[in-house]
Novice: 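The structure under discussion is supplied below as structure tokens; questions concerning it will follow.
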Amino acid sequence: MIFDVLTLFPEMIESACGYSILKRAVDAGIIRINTINPRDYTLNKHKKVDDTPYGGGAGMVLMVQPYVDAYESVKHSENSVTIMLSPQGKPLTDKIVNGLAQYNQIILLCGHYEGFDERIREIIKPVEISMGDFVLTGGELPALCLIDAVSRKLEGTLGKIESAEDDSFVNGLIEYPHYTKPREYRGLKVPEVLLNGNHKDINEFRLQKSIERTKAKRPDLYRAYMKKSKQTD
């Protein structure tokens with residue numbers, strides 16, 4: 001999987017991808033991270049990539065020429081998708097992440113300031129994805145979230161692909177609680193069912209806890225899960 005990231009702050013992407021699981025995935029050749037800085041493609045001698053908005057208003061708008069030229073400098077694979085990180089996009093979900101993991105290349109457009117000149121959208125025609133109904137100062141953090149979420153779906157990233165199979169949202173539920181040593185701490189004990197070695201009982205316990213947690217913390221997911229369960233009965 002290749003991630004090509006158009007960003008004014010490549011150090012943010014490169015630094016974050018130099019640690020932990022993402023670094024291991026890079027070192028193992030499972031993913032490759034490339035950063036492209038639109039400042040390197042601007043025709044302005046001062047490397048300017050933004051300007052005041054036509055029609056007035058606060059803030060600065062990212063200029064079309066540097067971003068389109070930077071985008072067109074990227075070599076596209078046959079199986080690629082271009083994503084603009086934007087609060088106007090669809091909220092990122094596990095279902096979308098699974099779909100993105102099927103591509104060989106993901107090109108990410110990171111915005112800043114008041115956003116992109118609209119002609120960037122019209123020319124590039126990206127898929128727009130949001131992290132939620134809030135606004136960040138730039139697209140780098142959402143891009144890193146997406147890279148992390150997609151990478152862990154790729155075989156080899158987590159060591160065992162089974163590590164992701166019980167994650168929250170995979171089956172429509174929030175993940176069950178986990179425990180490790182010691183067996184008791186400040187009077188709080190590990191549930192006995194997890195100690196008896198009966199995997200059928202353990203799986204039933206974990207499913208029940210997932211359902212309980214989802215009902216309490218995400219009733220919207222709980223209702224969807226119950227509706228789906230009734231349809232498959």
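Here the structure is a predicted model, which means the values were calculated and not measured.
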Novice: Under 4.5 Å between any side-chain heavy atoms of Tyr103 and Ile83, yes or no?
Specialist: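 Not in contact.
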
Novice: Any idea which heavy atoms bring Leu100 and Ile106 closest together, and the distance?
Specialist: O-CD1, 3.8 Å

Novice: Please evaluate residues Ser73 and Ile36 with respect to the criterion side chain to side chain contact (heavy atoms under 4.5 Å, CB included), reporting the C-alpha separation (whole Å), side-chain torsions for both, the decisive distance (0.1 Å), and the verdict.
Specialist: CA-CA 9 Å; Ser73 75; Ile36 303 94; 4.1 Å; yes

Novice: Nearest 0.5 Å please: distance from the CD atom of Glu122 over to the CG atom of Asp117.
Specialist: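 One finds 8.0 Å between CD of Glu122 and CG of Asp117.
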
Novice: Could you state the interatomic distance from NZ (Lys181) to CZ (Arg183), rounded to the nearest 0.5 Å?
Specialist: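 Answer for the NZ-CZ pair, Lys181 versus Arg183, is 10.0 Å.
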
Novice: Determine the minimum heavy-atom distance between Leu154 and Ala101, stating which atoms define it.
Specialist: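 Smallest heavy-atom distance, with atoms named: CD2-O, 3.8 Å.
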
Novice: Verify side chain to side chain contact (heavy atoms under 4.5 Å, CB included) between Ile124 and Met84, making sure each step is shown before the conclusion.
Specialist: CA-CA 10 Å; Ile124 296 177; Met84 176 181 285; over 6 Å; no

Novice: Exactly one of Val26, Asp27, Ile21 should register a side-chain contact (heavy atoms from CB on, under 4.5 Å) with Arg24. Which one does?
Specialist: Ile21

Novice: Kindly say whether Leu22 contributes a backbone atom to a donor-acceptor pair with the side chain of Ser20 at under 3.5 angstrom?
Specialist: no

Novice: Contact between Ile123 and Tyr71 at the side-chain level, heavy atoms closer than 4.5 Å - yes or no?
Specialist: no

Novice: Over all heavy atoms of both residues, which pair between Val190 and Pro182 is shortest? Give the atoms and the distance, please.
Specialist: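 It is CG2-O, 4.0 Å.
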
Novice: Mind checking whether Leu92 and Met131 have side chains closer than 4.5 Å, heavy atoms only?
Specialist: yes

Novice: Tell me whether the count of non-hydrogen atoms from other residues, nucleotides or ligands lying under 6.0 Å of CG in Asp133 goes above 12.
Specialist: no

Novice: Please tell me if the side chains of Leu109 and Phe116 come closer than 4.5 Å, counting only heavy atoms from C-beta onward.
Specialist: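 Heavy-atom side-chain distance check passes, below 4.5 Å.
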
Novice: Measure from the side-chain N and O atoms of Lys217 to the backbone N and O of Thr214, and report whether any donor-acceptor pair falls under 3.5 Å.
Specialist: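 Side chain of Lys217 to backbone of Thr214: no pair is present.
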
Novice: Begin with the C-alpha distance, continue with both residues' side-chain angles, and end with the deciding distance and a verdict on side chain to side chain contact (heavy atoms under 4.5 Å, CB included) for Leu207 and Leu173.
Specialist: CA-CA 9 Å; Leu207 176 59; Leu173 296 170; 3.8 Å; yes

Novice: Taking ring-ring contact (aromatic ring centres under 6.0 Å, His included) as the test, write out the residues that go with Phe3, two or more places apart.
Specialist: none

Novice: Tell me, with the steps shown, if His112 and Glu140 meet side chain to side chain contact (heavy atoms under 4.5 Å, CB included).
Specialist: CA-CA 9 Å; His112 270 276; Glu140 285 75 19; 2.7 Å; yes

Novice: For Tyr225 versus Gly172, what's the shortest heavy-atom pair and its separation?
Specialist: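 Distance-wise, the nearest heavy atoms are CB-O, 4.3 Å.
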
Novice: Hey, does Ile31 have a side-chain heavy atom less than 4.5 Å from the side chain of Val150?
Specialist: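 No, their side chains stay 4.5 Å or more apart.
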
Novice: Which atom pairs, donor and acceptor, lie under 3.5 Å between side-chain atoms of residues 49-66 and protein residues at least two apart or in another chain?
Specialist:
residue	atom	partner	partner atom	Å
Gln65	OE1	Leu43	N	3.3
Gln65	NE2	Tyr41	O	2.7
Gln65	NE2	Asp69	OD2	2.8

Novice: Is any side-chain heavy atom of Met12 closer than 4.5 Å to a side-chain heavy atom of Thr7?
Specialist: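 Not touching, per the 4.5 Å side-chain cut-off.
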
Novice: What closest approach, in Å, do Pro38 and Ala70 show between heavy atoms, and which atom pair accounts for it?
Specialist: CA-CB, 4.0 Å

Novice: Is there a donor-acceptor pair under 3.5 Å between the side chain of Ser130 and the backbone N or O of Pro91?
Specialist: no

Novice: Hey, is the main chain of Val74 close enough, under 3.5 Å, to the side chain of His76 for a donor-acceptor pair?
Specialist: yes

Novice: Run through Leu108, Leu136, Leu144 and flag the one making a side-chain contact (heavy atoms from CB on, under 4.5 Å) with Leu85.
Specialist: Leu108

Novice: Looking at Asp94 and Lys153, what are the two nearest heavy atoms and their distance?
Specialist: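 Between these two residues, the closest heavy atoms are OD1-NZ, 2.8 Å.
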
Novice: Any side-chain heavy atom of Ser80 within less than 4.5 Å of one from Asn104?
Specialist: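 Side chain of Ser80 against side chain of Asn104, heavy atoms only: no contact under 4.5 Å found.
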
Novice: Give, for atom CG of Leu194 and atom NZ of Lys189, the distance between the pair rounded to the nearest 0.5 Å.
Specialist: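 Atom-to-atom, Leu194:CG and Lys189:NZ are 14.5 Å apart.
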
Novice: For the side chain of Thr157 and the backbone of Ser151, is there at least one donor-acceptor N/O pair under 3.5 Å apart?
Specialist: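 The answer is yes, because a donor-acceptor pair under 3.5 Å joins these two groups.
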
Novice: Looking only at atom types and distance, does a side-chain atom of Glu128 sit under 3.5 Å from a main-chain N or O of Arg121, one as donor and one as acceptor?
Specialist: no

Novice: Whether Lys215 and Glu212 form a salt bridge (side-chain N of Lys/Arg under 4.0 Å from carboxylate O of Asp/Glu) is what I want to check.
Specialist: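 Lys215 and Glu212: not salt-bridged.
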
Novice: Is there a donor-acceptor contact under 3.5 Å from the side chain of Thr42 to the main chain of Lys48?
Specialist: yes

Novice: What distance do His199 atom NE2 and Ile202 atom CD1 have between them, rounded to the nearest 0.5 Å?
Specialist: 5.5 Å

Novice: Does Arg206 reach the main-chain N or O of Tyr176 with its side chain, forming a donor-acceptor pair under 3.5 Å?
Specialist: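 Checked: no pair found.
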
